[in-house]
Amino acid sequence: MPSVFIKTYGCQMNERDSGAVAAQLQARGFTLAESEKGADVVLLNTCSVRDAAEQKAIGKMQNISASLRKENPKVILGFMGCMAQSRGEQLLKQLPAIDLVVGTQKFHRTADYLQEIATGGRRKIVDVSEEAGSQSEIRDHPVSPGSQPGTVTAFVSIMQGCNQHCTFCIVPFTRGEERSRTIEEIVLECRQLVGRGVREITLLGQIVTSFGRRDIPVRDTRSAFVQLLDAIHEIEGLQRIRFTSPHPKGYGDDLVDAYGRLPKLCESAHIPLQSGSNQLLKRMHRGYTRERFLALVEKLRLARPGIGLTTDIIVGFPGETAEDFEQTLSLADEARFDNAYIFKYSQRKDTPAASMPDQVPLEIREERNATLLQRINSIAAEKYQNFVGQTVEILVEGPSKKNTARFMGRTRCNKIVLFDGSSRHLGQLMNLKIERTGSFTLYGDPAIINLS
Ligand code: SAM
């Protein structure tokens, strides 16, 4: 049987797209390889959000093509996803060793294209065109052996594209216009996953809160996204629901209310802030102010006390002054996030911010990144410390990635907990007492495990 190795860069949406391609290839008789060594096909699913991610994927492909082609001249090499979409044909010129370039609306064509190349029908294929209905093609999940992590939790893609046009972001160019699946299709996929043992589902999209905005009318003051949450909540056997990534503007009262109403909706929310300065938020085209953002944080904490809140922040956006950055630091102090993904601003092709004046020098971006990281980490450390001595409910996902002698679960507010478990705990909800903390990790004492 031919084997394929798929390496994924970037966000959970990319993970999910790779999963759908893996399932498609399994159905055509491929086995999934653990590394590129000895694989018949190597596919890199790429990210374009920052330049560093693109350079990493290009470097990896250069290394792979130099070493693998010598061992196996027939190995097929391809790029998929965001960078494939934005660079297209140009990638073949830059890296003549590659055979395939598959854009973000064409993942479902990968198996056909590989077959065409393998049988000599075509030597090289580049397909980055748009395809109506492609959002409904990201639905199959690869089959993983029995107790592998990934069988208990699953990602479900509910839409593709983004219409926000934040001035820093390349996503609307790489992922196209927002297109949503139907509620029925999504519920069917979730039911099938639950039938396979999945207990927790994370709904995915670039801006999930915009789900179905154009196609599904508001009903009883509930937006399409909240109607979807309601429908998924009905699925018997499903224990937990999460979603990412939303937009702060998308947290209407109906969604805040859903946190109070739907017990399966975990008390955890990722709310991308980007900056604490109103002046910058305006230039980023974010559509909210720091005051509105902080009011939302308060509303969510009222609706679900103890809710875990995480965010994305960009440092060094063009024109960011020391005062603007101070505003971000002060917002971080007020909001007290459980964690934050901090990004140094990266100039992206064709985005309005790339040609804005006053680009911030790299040393300043690095300095601000370090300062903010330190602030976020010290707040998070205090919050993690507060868990010591508390009993938390975890869903056991599988062996820990770093130390397979330990097992890993997640609290409802999305904190990782490690404990000395075994495969019999897989997929179980357990109450566990927290004994100590590490960096963004909680440790539970196995002696006090309490099966629920
Ligand atoms: N839903 C998210 C939102 O509300 O903006 C978008 C997800 S985006 C793909 C992931 C994160 O990447 C963004 O939240 C932003 O912090 C970061 N990002 C996007 N473009 C960037 C750029 N040009 N430079 C640095 N970070 C960037």
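When a ligand or atom number is given, it counts from 1 through the structure's own listing order. Throughout, numbering of the chain's residues begins at 1 and tracks the sequence.
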Would the Y384 and F440 ring centres measure less than 6.0 Å apart?
-> yes
F387 six-ring centre to K383 NZ/CZ under 6.0 Å and within 45° of normal | no
Mark up the atoms of ligand 1 that fall under 4.0 Å of a heavy atom belonging to F168, in ascending order.
-> 19 (C), 20 (N), 21 (C), 22 (C), 23 (N)
Which protein heavy atom lies closest to atom 17 (C) of ligand 1, and at what distance to 0.1 Å?
-> F343 CD1, 3.7 Å
Counting from 1, what ligand 1 atoms have a heavy atom of S245 closer than 4.0 Å?
-> 1 (N), 2 (C)
Around E130, counting heavy atoms of other residues, nucleotides and ligands shown, do more than 12 lie under 6.0 Å from its CD?
-> no
Among all protein non-hydrogen atoms, which one is nearest to atom 12 (O) of ligand 1, and what is the separation to 0.1 Å?
-> V49 CG1, 3.5 Å
Under 6.0 Å from the CZ atom of R196, do we count more than 12 heavy atoms belonging to anything else shown?
-> yes
May I ask you to list the atoms of ligand 1 that are less than 4.0 angstrom from any heavy atom of P246?
-> 1 (N), 4 (O)
Q206: numbered ligand 1 atoms lying under 4.0 Å from its heavy atoms | 1 (N), 9 (C)
Salt-bridged, R365 to E320, with N to O below 4.0 Å?
-> no
R191/E189 ion pair, N-O < 4.0 Å = no
Report the part of I170 in contact with ligand 1, treating N, CA, C, O as backbone and CB onward as side chain, heavy atoms under 4.0 Å; options are side chain, backbone, both, neither.
-> neither
Relative to ligand 1, is Q347 under 4.0 angstrom through side chain, backbone, both or neither, heavy atoms considered?
-> neither
For atom 24 (N) of ligand 1, closest protein heavy-atom neighbour = S346 N, 3.0 Å
Atoms in ligand 1 with a heavy atom of R286 nearer than 4.0 Å | 3 (C), 4 (O), 5 (O)
Which residue supplies the protein heavy atom nearest to atom 11 (C) of ligand 1, what is that atom called, and how far is it?
-> D312 OD2, 3.4 Å
Mark up the atoms of ligand 1 that fall under 4.0 Å of a heavy atom belonging to Q274, in ascending order.
-> 3 (C), 5 (O), 13 (C), 14 (O), 15 (C), 16 (O)
When you measure from atom 25 (C) of ligand 1 to every protein heavy atom, which one gives the shortest distance, and what is it?
-> K344 O, 3.5 Å
Heavy-atom protein contact below 4.0 Å for atom 14 (O) of ligand 1 = yes
Enumerated ligand 1 atoms positioned under 4.0 Å from heavy atoms of P272 = 2 (C), 3 (C), 4 (O)
Lys/Arg-Asp/Glu bridge criterion (N-O < 4.0 Å) met for R412, E200 = no
What is the distance from atom CZ of F325 to atom CD1 of I313, rounded to the nearest 0.5 Å?
-> 9.0 Å
Note: K349-E54 ion pair, threshold 4.0 Å (strictly below) | no
For the residue pair F243 and H270, is the inter-centroid distance of their aromatic rings smaller than 6.0 Å?
-> no
